[in-house]
Amino acid sequence: MAKTDTNTYDASSITVLEGLEAVRVRPGMYIGSVSTKGLNHLIYEIMDNAVDEHLAGYCTTIRVTLEADGSATVSDNGRGIPVGMHEKGISAERLVFTTLHAGGKFDNDAYKTSGGLHGVGSSVVNALSTYLHVTVKTGGQIYEDHYERGIPTLELKDGLLPVVGKTRESGTTINFLPDDTIFDKTRFKEDDVKSRLHETAYLNPALTIIYEDKRGSEVEHIEYHEPEGIVGFIKDINKSREAIHDVIYFKGETEGITVECAFQYVNEFHENVLGFCNNIYNAEGGTHLTGFKTMFTNVINTYARGLNILKEKDVNFTGADVRNGMTAVVSIKHPDPRFEGQTKTKLDNQDAAKVVSKVTGDEIVRFFDRNLDTLKSIIGCAEKAAKIRKTEEKAKTNLLTKQKFSFDSNGKLANCESKDASKCEIFIVEGDSAGGSAKTARNRMYQAILPIRGKILNVEKASIDKVLANAEIKTMINAFGCGFSEGFGNDFDITRLRYDKIIIMADADVDGAHISTLLLTLFYRFMPELIYEGHVYIAMPPLYKAMPSKGAEEYLYDDKALEKYRKRHKGPFTLQRYKGLGEMDADQLWETTLDPEKRLLKQVEIEDARMASEVTEMLMGTEVPPRKAFIYKNAQEAELDV
């Protein structure tokens with residue numbers, strides 16, 4: 001991209017909306033959580049700024065290093081953060097790292113499109129780090145700045161950063177160590193980081209991302225460069241599947257919004273459509289995906305009627321029919337995106353739906369007019385899906401369309417009295433004995449109990465008719481009230497969900513973990529919105545009860561809590577270990593697991609849909625060798641209950 005006067009990026013490009021607030025008090029507002037997901041998000045915030053430099057035409061290489069001391073370094077060869085004097089009276093770099101809503105993303109001349117639009121990324125990372133060190137190379141000189149827990153420790157000279165050297169290069173290097181008083185764990189999860197870096201390389205074919213992990217005995221070095229772009233992304237996702245045709249790719253621009261799309265059908269009955277806006281993955285989709293899906297379905301139905309595949313008396317293919325077997329990536333570049341929340345999981349711009357719909361309609365019609373065989377193979381997939389749907393719809397209508405309140409198909413559900421879904425919660429409890437205690441202990445007004453006997457069906461290996469015939473799954477579908485998948489007589493509709501929280505309550509042992517995994521596989525494959533919209537939780541029953549000779553009894557939820565208790569408790573105490581929920585009486589179960597005031601719940605989230613789908617398929621599917629390799633690779637991280 002040519003560098004012109006209108007693309008100046010200097011101190012005047014930094015716009016301030018308001019001063020830095022107490023990010024450390026409520027970090028979840030800015031990075032989603034203080035778990036490993038939030039920890040990794042610190043790297044992504046800094047990296048996204050470097051990617052924005054690439055989008056502006058100034059950066060070709062980004063380096064991400066997980067250092068031996070636990071810190072992370074992100075380096076780019078862009079223009080370098082402006083270090084000149086800002087109108088606020090200090091260096092622009094200092095402003096960026098100490099003030100919320102300060103950045104170059106508000107200035108359209110500095111960045112036409114960017115993923116960081118709130119201007120909080122750099123300052124939030126700074127606030128949540130034990131230390132953060134900045135090195136800026138710009139204008140032939142090297143500048144440095146240093147912060148500890150968000151507070152600058154380097155003295156400015158006349159409001160400007162001191163010069164520490166000379167260089168012919170340009171760019172920014174940021175090294176930071178996450179604060180262990182904020183985060184649950186401070187070890188970055190390398191698999192998630194690598195997946196995100198690879199994804200970013202696919203979305204930016206001219207960018208090279210170099211990853212290094214120096215924490216092990218040997219340095220791991222990977223270079224991500226994907227000149228095929230999202231075409232290569234689709235090939236990677238489908239690498240172990242039987243493809244029906246070559247990857248189809250198109251690109252177009254309307255109203256200043258660039259649309260890029262690639263898709264391919266495989267011989268499977270799963271749909272995998274991923275949406276990105278300005279390189280940010282939108283886990284919950286949004287208007288760009290709505291525009292793509294609606295137009296694609298309309299085009300396929302129009303062709304099917306034109307080719308006389310759909311007769312006059314036939315109803316149109318549903319969206320689910322058309323997308324069965326589809327893997328697609330829809331990536332847009334928008335000058336003014338609106339997301340729901342700082343973590344940007346859902347795109348909200350209405351103009352995105354219109355533009356994506358128009359570009360998709362124009363480009364795929366142009367392609368299909370010239371590639372009739374590919375079109376017929378895609379319509380064939382829709383025909384096959386529709387035929388299976390209609391057959392199963394007839395067979396399963398009675399199963400999925402029972403009377404509104406007769407959803408307890410086998411008498412085990414103890415429902416709650418309230419019909420206010422926003423206050424109600426359902427506990428899926430392992431075993432009849434624990435289920436009996438839970439029914440006695442619960443708050444009958446808002447808490448429903450559904451005991452399940454043993455392990456449910458592994459839906460990753462089973463055909464759809466076996467899934468729908470399974471008694472435990474049948475009970476859950478009818479209890480939740482929001483349907484099941486699409487095209488089986490009672491399409492999934494999240495607005496009909498009867499409970500705000502679906503809580504999996506299993507024993508804290510290997511069997512309990514397996515039951516939880518089987519349930520999560522069911523939800524992920526057939527009711528993913530339950531997870532994406534934050535309705536699925538896992539209860540955390542205590543492992544131990546400490547009973548001191550003097551003082552109050554205390555429940556301990558894991559071995560780490562027991563270790564802390566032993567250090568701070570001086571006198572003798574008796575330790576009771578719970579092997580299962582069934583060992584607790586009703587009062588103990590209420591106090592530890594059911595009481596909203598005291599219980600501990602883990603919310604189930606999906607950050608990386610591609611990785612989640614791959615790992616689910618690997619660990620729960622029919623192929624043994626990949627699962628074996630995964631177990632060997634991750635054996636050191638296993639928590640054994642022996």
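Only this structure's heavy atoms are used, side chains among them; waters, hydrogens and symmetry mates stay out.
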Review point. Do you know which two heavy atoms are closest between Pro542 and Thr593, and how far apart they sit?
Key: CD-OG1, 4.3 Å
Point to revise | Side-chain heavy atoms of Lys333 within contact of Ile257, under 4.5 Å | key: no
Review point. Using the ring of each side chain (for Trp, its six-membered ring), is His569 parallel, tilted or perpendicular to Tyr565, with breaks at 30° and 60°?
Key: parallel
Review point. Tell me, which pairs form a ring-ring contact (aromatic ring centres under 6.0 Å, His included) where one or both residues lie in residues 147-184, sequence neighbours left out?
Key: Phe97-Tyr147
Exercise for review: Could you please spell out the steps behind the side-chain hydrogen bond (donor to acceptor under 3.5 Å, both in side chains) verdict for His133 and Asp145?
Suggested key: CA-CA 6 Å; His133 191 82; Asp145 204 356; over 6 Å; no
Exercise for review: Under the salt bridge (charged side-chain N to carboxylate O under 4.0 Å, His left out) rule, collect the residues that match up with Arg568, sequence neighbours excluded.
Suggested key: Glu554
Exercise for review: State yes or no: are the ring centers of His288 and Phe292 separated by less than 6.0 Å?
Suggested key: no
Check your understanding: Quick check: does any side chain N or O of Asp558 sit under 3.5 Å from a backbone N or O of Leu543, one acting as donor and the other as acceptor?
Key -> no
Practice item. Scan side-chain atoms only and decide if Ser170 and Asn77 contain a donor-acceptor pair under the 3.5 Å cut-off. Key: no
Point to revise | Glu190 and Tyr211: side chain donor to acceptor below 3.5 Å | key: no
Check your understanding: Do we see a donor-acceptor contact under 3.5 Å between the side chains of Thr186 and Asp180?
Key -> no
Study note, to complete from the structure: Looking only at heavy atoms, the pair that brings Lys346 and Gly286 closest together is CG-CA, 4.0 Å
Point to revise | With sequence neighbours excluded, residues passing side-chain hydrogen bond (donor to acceptor under 3.5 Å, both in side chains) with Ser516 | key: none
Exercise for review: Could you tell me whether Asp158 atom CG has more than 12 heavy atoms of other residues or ligands within 6.0 Å of it?
Suggested key: no
Point to revise | Check: Thr173/Ser75 side-chain N/O donor and acceptor closer than 3.5 Å | key: yes
Point to revise | Between Asn238 and Thr327, a side-chain donor and acceptor under 3.5 Å | key: yes
Review point. Hey, does Arg196 have a side-chain heavy atom less than 4.5 Å from the side chain of Tyr44?
Key: yes
Study note, to complete from the structure: Between Lys166 and Ile142 the two heavy atoms that sit nearest each other are O-CD1, 3.7 Å
Check your understanding: If we ignore angles and hydrogens, is there a donor and acceptor under 3.5 Å between the side chains of Tyr143 and Gln141?
Key -> yes
Can I get a per-line list of side-chain donor-acceptor pairs under 3.5 Å for residues 149-156, giving both atom names and the distance, sequence neighbours left out?
unit_1 : atom_1 : unit_2 : atom_2 : d
Arg149 : NE     : Asp179 : OD2    : 2.8
Arg149 : NH2    : Asp179 : OD1    : 3.4
Thr153 : OG1    : His146 : O      : 3.3

Practice item. In plain terms, say whether Glu220 and Lys194 are close enough for a salt bridge, that is, a side-chain N and a carboxylate O under 4.0 Å apart. Key: yes
Review point. Do Leu42 and Glu45 come within less than 4.5 Å of each other through their side chains, counting heavy atoms only?
Key: no
**Study point:** Steps toward salt bridge (Lys or Arg N to Asp or Glu O under 4.0 Å) verdict (Arg63, Glu212)
**Key:** CA-CA 8 Å; Arg63 292 176 178 271; Glu212 280 192 341; 5.4 Å; no
Practice item. Please list, chain by chain and in numerical order, all residues satisfying side-chain hydrogen bond (donor to acceptor under 3.5 Å, both in side chains) with Thr208, sequence neighbours excluded. Key: His225
Practice item. Show your reasoning for whether salt bridge (Lys or Arg N to Asp or Glu O under 4.0 Å) applies to Asp213 and Arg215. Key: CA-CA 6 Å; Asp213 186 350; Arg215 298 172 302 174; 2.9 Å; yes
**Study point:** Residues forming a salt bridge (charged side-chain N to carboxylate O under 4.0 Å, His left out) with Asp76, sequence neighbours excluded
**Key:** none
Review point. For Tyr58 and His54, what are the C-alpha separation, side-chain angles and deciding distance, and is it a side-chain hydrogen bond (donor to acceptor under 3.5 Å, both in side chains)?
Key: CA-CA 5 Å; Tyr58 296 92; His54 170 72; over 6 Å; no
Point to revise | Donor-acceptor side-chain pairing of Asn279 and Asn204 below 3.5 angstrom | key: yes
Point to revise | Heavy-atom side-chain proximity of Met47 to Leu197 below 4.5 angstrom | key: yes
